[in-house]
Structures are given as C-alpha cells and as structure tokens.
Amino acid sequence: MKADELEFERETGAPIDMLEYYFSAHGWAYERSGDDEIVANFQGSWAQYELRAIWREDDHVLQFLALPDIRVASDKRSATYEAIGLINEQLWLGHFELWTTSGLVLFRHAALLDTEDGGNLTLQQAETLIEAAIEECERFYPVFQFVLWADKTPQEAIAAALIETQGEA
C-alpha cells in the first residue's frame, strides 16, 4: 500500500511519531521506547522482519534497521562477508551488515533530516525508508540462505537468487 492510498492526518512529523503512524496505518505490531525509538514487526514472504528506528535528535539522524531472522555461524562468516560486499555494490540506499558479536545479518540506513523544519520526517521519507529496507531484505534473503544452507559461493548464490524470469507460468 502506497502513502497516497492511505489517509494520513498529516504529511510531516517527528520521526518516531511519523513511523508509528505509518506502522499503525498498515496494521503492523509495534512498540515504542520513548520519543527516540520504535520497533515494529513485518511478515515478509521469506521471514519475519524486525524494523527498528532510532532517532538521534542532537545529530538530526534517523537510523533505520531491518533485521531478517538470519544468524551466521562462525564457520560461514567469511563467505557471508563476501556475499554482503557483492550485495552492497548493487544497493542505491542503505547497506547490509553482519554484526560480529551476535552473528546477525541486518540492513541499515541512516537519514539526515533537515534541521530547518525541526528534523521532521515526511510521509514520503518514511515510506521510502521502510519500503527500501523491506524490498532489499526480500530480494537478497535467498542469497544468504544459499550461502548458509546450500554451501554455494557468494557469486553462485547471487546468480541463483537474482535470476530474471520472463513470461508467465
């Protein structure tokens, strides 16, 4: 559902407030941690995603994370880092990371918000942040699965996961 299909009371607001409004309008479960953090859950076609936003008012930076349920064992980290490097070359917004302490794969994007309007987030910005994160997680989830479970090389995994289909079955 696109932003113009929703009836929002406002088009701009405090970043966490705007994200809360967006999540609520989509019927997604979410929880706020004060004025500077919100966590939502979204069921994608491959996995349940945790969507987390953290607002740093002093810097006017909104950090947005999407965490697919992917944990990497230590023996698969080298191949996963290589896959992440190849994937990140293809992204126009945000990037994937592997947290070394937990072995979690995540997608992260930071948005610097205009200080002239108080660091507000527009509806269009919220939609772009959320949809870009979900789309990239959905697009590249199979790559990680091929590397982790099918023992494919990162190049083979990307080639297998990103084949373009033509026509209809």
Enquirer: Do F64 and F107 have ring centres separated by under 6.0 Å?
Expert: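 When the ring centroids of F64 and F107 are compared, they turn out to be at least 6.0 Å apart.
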Enquirer: Are F42 and I54 linked, directly or through other ILVMFWY residues, by side chains that come within less than 4.5 angstrom of each other?
Expert: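 No, F42 and I54 fall in different hydrophobic clusters.
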Enquirer: Are T128 and Q125 close enough that a side-chain donor and a side-chain acceptor fall under 3.5 Å?
Expert: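 Looking only at side-chain atoms, Q125 and T128 do not form any donor-acceptor pair under 3.5 Å.
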Enquirer: May I ask you to check whether over 12 heavy atoms, not counting those of W46, lie within 6.0 Å of atom CH2?
Expert: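 It does not: W46 CH2 has 12 such atoms or fewer within range.
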Enquirer: So, does E136 use its side chain to make a donor-acceptor pair with the main chain of A133 at under 3.5 Å?
Expert: no
Enquirer: Taking only residues at least two apart or on different chains, which pairs with a member in residues 64-90 satisfy salt bridge (charged side-chain N to carboxylate O under 4.0 Å, His left out)?
Expert: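 Passing the test, one end in residues 64-90: K76-D151.
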Enquirer: Can you find a side-chain donor-acceptor pair between Y30 and E20 that sits under 3.5 Å?
Expert: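 A donor-acceptor contact under 3.5 Å links the two side chains.
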Enquirer: Do L121 and I16 have side chains that approach each other closer than 4.5 Å (heavy atoms only, starting at C-beta)?
Expert: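 In short, these two side chains do not touch, never coming nearer than 4.5 Å.
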Enquirer: Should L123 and I38 be counted in the same cluster of Ile, Leu, Val, Met, Phe, Trp and Tyr side chains packed under 4.5 Å apart?
Expert: yes
Enquirer: Other than V61, what residues sit in its cluster of Ile, Leu, Val, Met, Phe, Trp and Tyr side chains whose heavy atoms are under 4.5 Å apart, directly or through others?
Expert: L112
Enquirer: Hydrophobic clustering (ILVMFWY, side-chain heavy atoms < 4.5 Å, transitive) - are F146 and Y81 grouped together?
Expert: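 Each belongs to a different hydrophobic cluster.
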Enquirer: With no hydrogens and no angle check, do the side chains of Y49 and E138 hold a donor and an acceptor under 3.5 Å apart?
Expert: yes
Enquirer: Counting distance only, does the side-chain N/O of N88 pair as donor-acceptor with the main-chain N or O of F96 below 3.5 Å?
Expert: yes
Enquirer: Determine yes or no for a side-chain-to-main-chain donor-acceptor pair under 3.5 angstrom, with H60 supplying the side chain and R56 the backbone.
Expert: no
Enquirer: For a 4.5 angstrom cut-off between non-hydrogen side-chain atoms, does L19 reach L62?
Expert: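 Contact flag for L19/L62 side chains = yes.
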Enquirer: Under the side chain to side chain donor-acceptor pair (under 3.5 Å) rule, collect the residues that match up with W149, sequence neighbours excluded.
Expert: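 Result, side chain to side chain donor-acceptor pair (under 3.5 Å) vs W149: Q145.
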